[in-house]
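Just follow the structure's listing: the first ligand is 1, and inside any ligand the first atom is 1. What you see is a predicted model, and the numbers here were worked out from it, not measured in a lab.
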Amino acid sequence: MFNLVIQGSYFTINPNDYQKINFIQNALIVIDHSGKIDRILQPNDKDYSLIKQQAKNKDLLITLNNDQFILPGFIDLHIHAAQWPQIGTALDRPLQQWLNDYTFPLEASFSDLDLAKNTYQDLVHTLLSYGTTTAVMFGTVNNEPNQILAKQCIQQGLRAFIGKVVMDNPDQCPQYYRDENISTAINQTKQFIEFTDELNSNNAIKITPVITPRFIPSCTIECLKVLGDLASKNNLPIQTHLSESNWENDYALSTYNQPDTHILQAANLLNDRTILAHATQLKSSDYNILKDKHSSIAHCPISNIYFGNAVLPVKKLLNNGNQVGLGTDISGGYSPSLYRNLQQAVMSSRLLNDGVNNEICAAKRGVPNSQITMNEAFYLATAGGAKALKLPTGQIKPGYLADLQVVKLHTSAMLKSANDYLERLIYQTEQNDIQAVFVQGQLVVNKINL
Ligand code: GUN
Ligand code: FE
């Protein structure tokens, strides 16, 4: 039996071709008690009127207007929860300075648990109100604030993957903000895993703990290896930063004489549950290692403008068969909105395609075939992210979790095609236009009195 039926028109990626979308009008999305989409009925379906009537009789029918559309909830593959208080700050500094002068002191200050609670309450609410239904998060080195973050996500209904950040390299991490030694780093990581196990025992929406070495400079090689073993023993996802900037990429090359990818591979940290943020400085050989390992890249197009020192060649990666999703990278990225990052993903790909230096002749200025469409960006934020997480979400389809957002479109003009409607929705949607959000069938944002 159903728990809720939503009548409305929806967009979802075409499961057979991520360059295409499906647009289904006036459907009934039937959601079961576990929060999954049980079935989807179209108006010509023989059961359509019956199910609609049954839902109406039980007061379980939501009927949307013609200017409201349903999209899958978005998946943010990379975000630093503790950086929310410095969103949109100090982005004119280079990455290393930004980390040492702003970011590490801020993250350390979360030992003030009131700050942690207030910040996380606001952040989780904000993410949901932008249509994000799953988020993959870095917490802090300290575990107490991480526990507060996990509880906030459960309380407000955000599906979250959260990692206790590991930083044990005394050469690169300040004394006031690092793991004392490898065993502290590992014990704290294990402690957070146990905490989430307990927290999950009586909640439908789960928190998944993530093995989280911050990046190569912040960790010792021995520690990376122990984390790799821990991840495989517990079958846990892994998140880290990969070849993000010139400085960060050169660090591994000059210190260990090999790129980030090789170091992570040797530490058993590349597998089909690994999420690698940025990756703007990779070589083709690295792409092939990631592809062989089925590891995913979290494309963070806004953040990459500031710290990436290059544009990630998303189109090339997709053509190569690499797995890619989308991340805000709060606060390397200044916006909590995946809409803004979808827009930037398309815009950055255009710059890569055409090139930027007008002193170079047009034929040689850019990297041909680098442009992505809005449909492809939409794939990154939905099915792409879900594939990275091995989660049945990101698509509106029977058997999938009912992670949905209801968005109002500002136009009465008739557009030519479903592609046009989706494109306009992604470019024009502001926070207020996201009128309702469901995670696993639970209404978590409701601006229209549903
Ligand atoms: N590299 C290591 N830590 C960070 C971080 O917090 N943000 C970004 N963008 N890059 C990092
Ligand atoms: Fe980051």
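Contact annotation: E248 has no heavy atom less than 4.0 Å from any atom of ligand 1. By the 4.0 Å heavy-atom criterion, W98 is counted among the residues contacting ligand 1.
Note: C153 SG to I148 CD1 = 12.0 Å, rounded to the nearest 0.5 Å. The CG atom of L401 sits 6.0 Å away from the NZ atom of K36 when rounded to the nearest 0.5 Å. We find the CG-CG distance between D76 and N341 to be 7.5 Å, quoted to the nearest 0.5 Å.
Around the Fe ion (ligand 2), the two atoms NE2 of H78 and NE2 of H80 are separated by an angle of 100°, to 10 degrees.
Residue D329 places at least one N or O, backbone or side chain, under 3.5 Å from an N or O of ligand 1. Residue R214 places at least one N or O, backbone or side chain, under 3.5 Å from an N or O of ligand 1.
The two residues Q281 and G308 come nearest to each other via the heavy atoms NE2-O, 2.8 Å.
Because the distance cut-off is set at 2.8 Å, C300 fails to qualify as a neighbour of the Fe ion (ligand 2), as none of its N, O or S atoms comes that close. In summary, E244 places no N/O/S atom under 2.8 Å from the Fe ion (ligand 2), failing the contact criterion. Residue contact annotation: H278 places no N/O/S atom under 2.8 Å from the Fe ion (ligand 2).
Here the N, O or S atom of D329 that is nearest to the Fe ion (ligand 2) is OD1. Take the N/O/S atoms of H241: the one nearest the Fe ion (ligand 2) is NE2.
For ligand 1, the atoms closer than 4.0 angstrom to any heavy atom of Q83 are 5 (C), 6 (O). Listed by number with element, the atoms of ligand 1 under 4.0 angstrom from any heavy atom of L99 are 2 (C), 3 (N), 4 (C), 5 (C), 6 (O). Near L95, meaning under 4.0 Å from one of its heavy atoms, ligand 1 places the atoms 10 (N). Atoms of ligand 1 lying under 4.0 Å from at least one heavy atom of H278, given by number and element, are 9 (N).
For F11 and F69, the ring centers are positioned less than 6.0 Å apart. Under the 6.0 Å cut-off for aromatic ring centres, F110 and Y177 do not qualify, their centroids lying 6.0 Å or more apart. Centroid-to-centroid, the aromatic rings of F74 and Y339 come within less than 6.0 Å. Residues H78 and H241 place their aromatic rings such that the two centres sit under 6.0 Å apart.
By the 4.5 Å heavy-atom criterion applied to side chains, D122 and T126 are counted as neighbours.
With respect to the salt-bridge test (charged N to carboxylate O, under 4.0 angstrom), the residues K20 and D17 qualify.
Looking only at heavy atoms of the protein, atom 8 (C) of ligand 1 is closest to E244 OE2, 3.5 Å.
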